[in-house]
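Just so you know, these numbers use all the heavy atoms, side chains as well, and skip hydrogens, waters and symmetry mates. Numbered from 1 within each chain, the chains take letters A, B, ... in sequence-line order.
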Protein chains: 2
Amino acid sequence: MDKIKILVADDHQVIIDGLEAIISTTEHLEFIGGASNGKEVISKVKSQPVDLILMDINMPEMDGLECTAYLSKNYPNIRVIALSMHDNPRLAKRMIKNGAFGFLLKNSSKANILTAISEVMQGRNFFDPMLMSTFFDADNKKTSSSFSKKDLLTKREIQIIQLICQEKTTIEIADELSISTHTVESHRGNIMLKLELKNSVGLVKWAIQNEVIEL
Amino acid sequence: MDKIKILVADDHQVIIDGLEAIISTTEHLEFIGGASNGKEVISKVKSQPVDLILMDINMPEMDGLECTAYLSKNYPNIRVIALSMHDNPRLAKRMIKNGAFGFLLKNSSKANILTAISEVMQGRNFFDPMLMSTFFDADNKKTSSSFSKKDLLTKREIQIIQLICQEKTTIEIADELSISTHTVESHRGNIMLKLELKNSVGLVKWAIQNEVIEL
DNA sequence: AAAAAACTAGTGGTTTTCCGCTAGACGAAG
DNA sequence: CTTCGTCTAGCGGAAAACCACTAGTTTTTT
């Protein structure tokens with residue numbers, strides 16, 4: 001099997017050097033150069049064959065998101081692994097959507113990096129375990145935080161919230177529950193009061209964050 | 001260092017046997033028994049010290065979710081790794097919320113299982129890479145589906161949506177953008193028309209799904 | 001330069017939400 | 001048995017959102 005030709009894109013030379021060290025000392029991997037921004041990456045893939053790119057997200061000129069989108073459109077055979085300092089799940093999602101196959105944090109272990117390369121070259125995805133932690137944690141902290149205002153609400157009120165979030169009007173809700181519109185208004189008022197919300201827009205956002213409804 | 005004492009909970013004996021084989025042949029790990037449901041797990045942890053439990057989610061009598069919640073309350077020192085056939089992110093989230101430290105698919109590789117055990121015993125989370133793939137994919141299919149109505153909207157309209165989603169009223173938005181309230185109304189109307197929405201509740205949900213705003 | 005799209009602003013009216021306040025009925029808990 | 005919480009229902013009024021339509025100005029595209 002041929003060596004895997006790897007390009008590293010990052011605007012910090014230290015990172016490039018570090019990854020070069022890891023790549024060069026590993027069997028089957030070949031470091032073929034660095035690039036300090038997206039434009040350089042594109043010019044390099046035009047002049048030589050590349051199998052895989054370790055791509056920083058934050059770069060001047062052309063960032064990793066844009067560059068990855070371009071590559072996945074014009075060079076679908078080149079695999080991209082996103083590199084990032086920050087364990088931001090949203091950013092990771094966007095990179096994946098743009099065509100990246102994996103996501104690594106810059107402080108990841110050598111073992112992780114090699115695993116990522118191998119997995120991705122076999123057509124599978126790889127996500128930094130650290131990222132996954134924050135992925136789940138993010139959700140947990142919001143919802144299971146010691147106490148939430150959710151406890152203040154009654155079953156009926158939760159039910160009303162769910163119906164409001166289904167884009168139903170007071171009349172429709174009253175009809176569906178076979179109660180008076182006044183009662184629905186009453187509940188709605190109590191809900192707003194308890195949750196200290198301004199309007200139904202805030203209510204929807206609260207409901208999603210507190211998993212009272214699903215998107 | 002002492003060996004890590006591991007209990008395996010699953011209602012299929014094959015799974016227990018398989019994991020026992022992996023555990024027993026590995027340095028520093030000790031298989032101390034199996035359980036076919038949550039109640040058995042609890043009775044076993046009462047009679048002997050346990051460091052880590054590989055816990056199936058679907059079990060009769062008392063399932064993995066309930067059992068994990070109980071353990072994390074009464075035996076906080078016991079680490080739990082969830083086991084599942086299905087790569088269901090929602091289920092994974094619930095297990096994590098209930099106190100599990102990791103999530104493994106049953107068809108995971110031996111290497112993965114051992115990594116999971118080691119990571120979790122060091123207090124870190126571990127999530128099966130396969131799970132992560134479906135996690136991201138699930139989102140992608142929803143949002144990046146060929147074409148989204150997002151493309152129909154203008155920059156100004158996106159801006160208006162963002163402000164609406166900040167719980168701002170028409171007057172406040174008009175003020176902030178230094179335009180007439182009528183203009184804001186006009187934009188709002190066009191948005192509703194283009195997105196075929198009934199009211200601002202639907203708008204918020206659309207905005208979140210299409211990443212026009214963040215929660 | 002012409003056409004198209006986007007942004008702007010208005011009129012006029014309907015519907016819905018939001019707010020405050022009161023109050024009876026009912027079941028559970030003390 | 002009384003109190004508390006919840007669910008119910010009502011009134012009146014203010015604010016905001018929603019709808020339909022027209023139309024001038026600016027910007028972008030062709």
Side-chain angles (χ1 to χ4, degrees), chain A residues 66 73 146-213 215, chain B residues 146-213 215:
Chain A
E66 209 183 326
K73 194 165 216 141
S146 53
F147 118 108
S148 91
K149 294 204 182 98
K150 191 174 174 179
D151 305 326
L152 297 174
L153 299 175
T154 67
K155 280 178 194 168
R156 198 56 152 178
E157 285 163 347
I158 296 277
Q159 202 179 6
I160 302 276
I161 291 175
Q162 286 165 338
L163 291 166
I164 290 173
C165 291
Q166 280 164 35
E167 287 145 87
K168 298 208 163 96
T169 66
T170 301
I171 297 174
E172 287 167 344
I173 296 169
D175 200 55
E176 188 165 332
L177 300 179
S178 303
I179 55 178
S180 148
T181 55
H182 298 297
T183 308
V184 177
E185 288 284 345
S186 188
H187 284 308
R188 184 200 292 271
N190 290 332
I191 292 163
M192 293 305 193
L193 204 68
K194 286 182 183 177
L195 302 180
E196 297 171 292
L197 294 170
K198 215 179 147 188
N199 55 35
S200 52
V201 167
L203 183 60
V204 182
K205 296 203 290 180
W206 182 90
I208 293 168
Q209 274 171 339
N210 291 272
E211 290 180 325
V212 169
I213 63 159
L215 257 184
Chain B
S146 53
F147 116 109
S148 92
K149 290 197 183 110
K150 191 174 173 178
D151 305 327
L152 297 174
L153 299 175
T154 66
K155 279 179 195 169
R156 198 56 151 179
E157 284 164 347
I158 297 275
Q159 202 178 6
I160 302 277
I161 291 175
Q162 287 166 339
L163 291 167
I164 291 172
C165 291
Q166 281 165 33
E167 287 145 87
K168 298 210 164 92
T169 66
T170 300
I171 296 173
E172 288 167 343
I173 295 169
D175 200 53
E176 188 165 331
L177 300 179
S178 303
I179 55 179
S180 146
T181 57
H182 299 297
T183 308
V184 178
E185 287 284 350
S186 189
H187 283 308
R188 184 200 292 269
N190 289 331
I191 292 164
M192 294 304 194
L193 205 68
K194 286 182 181 176
L195 302 180
E196 297 172 289
L197 294 170
K198 218 179 144 188
N199 55 34
S200 52
V201 167
L203 183 60
V204 182
K205 296 202 292 182
W206 181 91
I208 293 167
Q209 274 172 337
N210 290 271
E211 291 179 323
V212 169
I213 63 159
L215 258 182

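- Annotation: side-chain hydrogen bond (donor to acceptor under 3.5 Å, both in side chains) contacts of Gln159(B) (sequence neighbours excluded): Arg156(B).
- By the salt bridge (charged side-chain N to carboxylate O under 4.0 Å, His left out) test, Lys205(B) pairs with Glu167(A), sequence neighbours left out.
- Between the NE2 atom of His187(B) and the C1' atom of dA17(D) there is a distance of 16 Å, rounded to whole Å.
- Protein chain A contacts DNA chain C over a range whose 5' and 3' limits, counting nucleotides with an atom under 4.0 angstrom from a non-hydrogen atom, are dT16(C) to dC18(C).
- Each side chain to side chain donor-acceptor pair (under 3.5 Å) pair with one or both residues in residues 177-190 of chain B, not counting sequence neighbours, appears once here: Thr170(B)-Arg188(B).
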Per-nt protein contacts along nucleotides 18-28 of chain D (heavy atom under 4.0 Å; B base, S backbone sugar-phosphate only, - none) come out as B----------
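- Taking 4.5 Å as the limit, some side-chain heavy atom of Leu153(B) sits within range of a side-chain heavy atom of Ile161(B).
- Applying the salt bridge (charged side-chain N to carboxylate O under 4.0 Å, His left out) rule to Glu157(A) yields the partners Lys194(A); only residues at least two apart in sequence or on another chain are considered.
- Between Thr183(A) and Lys194(A), the residue anchored nearer the 5' end of DNA chain D, judged by the nucleotide with its closest heavy atom, is Lys194(A).
- dA16(D) atom P lies 12 Å from atom CD1 of Ile173(B), rounded to whole Å.
- Between Gln162(B) atom CD and Ile213(B) atom CD1 the span is 8.5 Å, to the nearest 0.5 Å.
- Of the possible polar contacts, none joining the Asn210(A) side chain to the Val212(A) backbone as a donor-acceptor pair under 3.5 Å is found.
- Partners of Glu176(B) by salt bridge (charged side-chain N to carboxylate O under 4.0 Å, His left out), not counting sequence neighbours, listed by chain and number: Lys168(B).
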Pair Leu163(A), Val184(A) - check side-chain contact (heavy atoms from CB on, under 4.5 Å), show working. CA-CA 11 Å; Leu163(A) 291 166; Val184(A) 177; over 6 Å; no
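- One distance of note links CD1 of Ile160(B) with CD1 of Ile179(B); it measures 5.0 Å at 0.5 Å rounding.
- Annotation: side-chain contact (heavy atoms from CB on, under 4.5 Å) contacts of Thr169(B) (sequence neighbours excluded): Lys198(A), Ile171(B), Glu172(B).
- Straight-line distance from the CG atom of Asn190(A) to the P atom of dG5(D): 13 Å, rounded to whole Å.
- When the local axes at the two ends of the helix from dA1(C)-dT30(D) to dG30(C)-dC1(D) are compared, using 5 base pairs at each end, they differ in direction by 60° after rounding to 10°.
- The side-chain heavy atoms of Val201(B) and Leu203(A), taken from C-beta on, include no pair separated by under 4.5 Å.
- Contacts between residues 160-170 of chain B and DNA chain C, defined by a heavy-atom separation below 4.0 Å, involve no residue at all.
- In this structure, the separation between CD on Gln166(B) and CD1 on Ile173(B) is 8.5 Å, given to the nearest 0.5 Å.
- Between the P atom of dG13(D) and the NE2 atom of His182(A) lies a distance of 14 Å, rounded to the nearest Å.
- Distance CG (Leu177(A)) to P (dT6(D)): 18 Å, rounded to an integer number of Å.
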